[in-house]
Amino acid sequence: MKDIYWEESWVSVLAEQEKLLRYSAFTRESALALGMKILQLAQDNYKKPAAIRIVEDGITIFAYKMAGTSSENDWWMDRKLAISRMTGMSSLRSYVEAKVGHQPAGWLQRPDNFAACGGCIPIFPANNTAPWAHVLVSGMHHHEDHQIIADAMAQQLRMEIPRIL
């Protein structure tokens, strides 16, 4: 995969986002509300088409593709999910952490299986155990795919978070 836009300051911003964006509970109804919030932000704030998916234990519990997206977005989301599952962090943080040398880029051995770029954030419980679900977006710039998820989660949790954009 070619290099994508990123800034070194994102290392701390992304870690802080993941520390703050924790849920005391995450239900299927929470997933529906989160997916709809992402859709609304894509339409109102970003004005770009997005494919949205929320996956829980390998089961898609929310999916929506705006006009202008295609099966290629599924390809991207599958690979973003794979990198997040491998590293235990967001797909964008995985990329940035590897670029600054904080973790090995293990996905380089099988690059067709992984997409280290923005667009997948795990939903962690407040007690920092294994993720309950993963939220995916594809269709915009990679850093926008990430930030729209983080913004929607922050709105759902009624909190302010640092932003990469």
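In this chain, numbering begins with 1 at the start of the sequence shown.
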Report the C-alpha separation of Q147 and Q17 in whole Å, then their side-chain angles, then the decisive distance to 0.1 Å, and conclude whether the side chain to side chain contact (heavy atoms under 4.5 Å, CB included) test is met.
CA-CA 10 Å; Q147 193 59 54; Q17 284 181 350; 3.2 Å; yes

Residues in salt bridge (Lys or Arg N to Asp or Glu O under 4.0 Å) with K48, at least two apart?
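With neighbours one apart ignored, the set is E144.
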
Run the salt bridge (Lys or Arg N to Asp or Glu O under 4.0 Å) test against K37 and tell me which residues pass, sequence neighbours left out.
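Partners of K37 by the salt bridge (Lys or Arg N to Asp or Glu O under 4.0 Å) criterion come out as none, since no residue qualifies.
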
Are there more than 12 heavy atoms of other residues, nucleotides or ligands under 6.0 Å from atom CD of E72?
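Counting other residues, nucleotides and ligands, CD of E72 stays at 12 neighbours or fewer.
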
With a 6.0 Å cut-off (strictly less than), is the heavy-atom count around CD of E7, excluding the residue itself, greater than 12?
yes

Co-membership, hydrophobic cluster, residues [X] and [Y], 4.5 Å side-chain:
| X | Y | answer |
| --- | --- | --- |
| Y64 | L81 | no |
| V11 | Y5 | yes |
| I83 | M77 | no |
| I61 | F124 | no |

Check the angle between the aromatic planes of Y23 and F26 and answer parallel, tilted or perpendicular using the 30° and 60° thresholds.
perpendicular

Are the aromatic rings of W10 and Y95 close, with centres under 6.0 Å apart?
no

How would you list, by chain and number, every residue that makes a side chain to side chain contact (heavy atoms under 4.5 Å, CB included) with L32, sequence neighbours excluded?
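Checked L32 against side chain to side chain contact (heavy atoms under 4.5 Å, CB included); matches are M36, F62.
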
Just to verify, what does E18 make a side chain to side chain contact (heavy atoms under 4.5 Å, CB included) with, not counting sequence neighbours?
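Per chain and number, E18 pairs via side chain to side chain contact (heavy atoms under 4.5 Å, CB included) with M89, S90, R93.
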
On a heavy-atom basis, which atom in [X] and which in [Y] lie closest, and how many Å separate them?
| X | Y | result |
| --- | --- | --- |
| M153 | L34 | N-CD1, 3.7 Å |
| A67 | P49 | O-CB, 3.2 Å |
| S91 | G119 | OG-N, 3.4 Å |

Rounded distance (nearest 0.5 Å) linking atom [atom1] of [X] with atom [atom2] of [Y]:
| X | Y | atom1 | atom2 | answer |
| --- | --- | --- | --- | --- |
| I4 | L92 | CD1 | CG | 5.5 Å |
| S12 | I164 | OG | CD1 | 11.5 Å |
| R22 | I123 | CZ | CD1 | 10.5 Å |
| K47 | L41 | NZ | CG | 11.0 Å |
| M66 | L39 | CE | CG | 5.5 Å |
| Q155 | E160 | CD | CD | 9.0 Å |

With a 4.5 Å heavy-atom cut-off, do [X] and [Y] have their side chains touching?
| X | Y | result |
| --- | --- | --- |
| E16 | I161 | no |
| T87 | E97 | no |
| L21 | I149 | no |
| Y46 | H141 | no |
| C117 | K80 | yes |
| W6 | V100 | yes |

Hey, are S30 and T27 close enough side-chain-wise for a donor-acceptor pair under 3.5 Å?
yes

Evaluate R85 against V55 for side chain to side chain contact (heavy atoms under 4.5 Å, CB included), listing each step before the verdict.
CA-CA 11 Å; R85 283 182 172 157; V55 178; 3.8 Å; yes

Apply side chain to side chain contact (heavy atoms under 4.5 Å, CB included) to residues K65 and D74 and explain how you reach the verdict.
CA-CA 10 Å; K65 286 186 180 161; D74 290 324; 2.4 Å; yes

Which donor-acceptor pairs under 3.5 Å do the side chains of residues 131-140 make with protein atoms, sequence neighbours left out?
{"from": "S138", "atom 1": "OG", "to": "N73", "atom 2": "ND2", "distance (Å)": "2.9"}

I'd like to check the side chain to side chain donor-acceptor pair (under 3.5 Å) partners of N127; sequence neighbours left out, ordered by chain and number.
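If we apply the side chain to side chain donor-acceptor pair (under 3.5 Å) test to N127, skipping adjacent residues, the hits are T129.
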
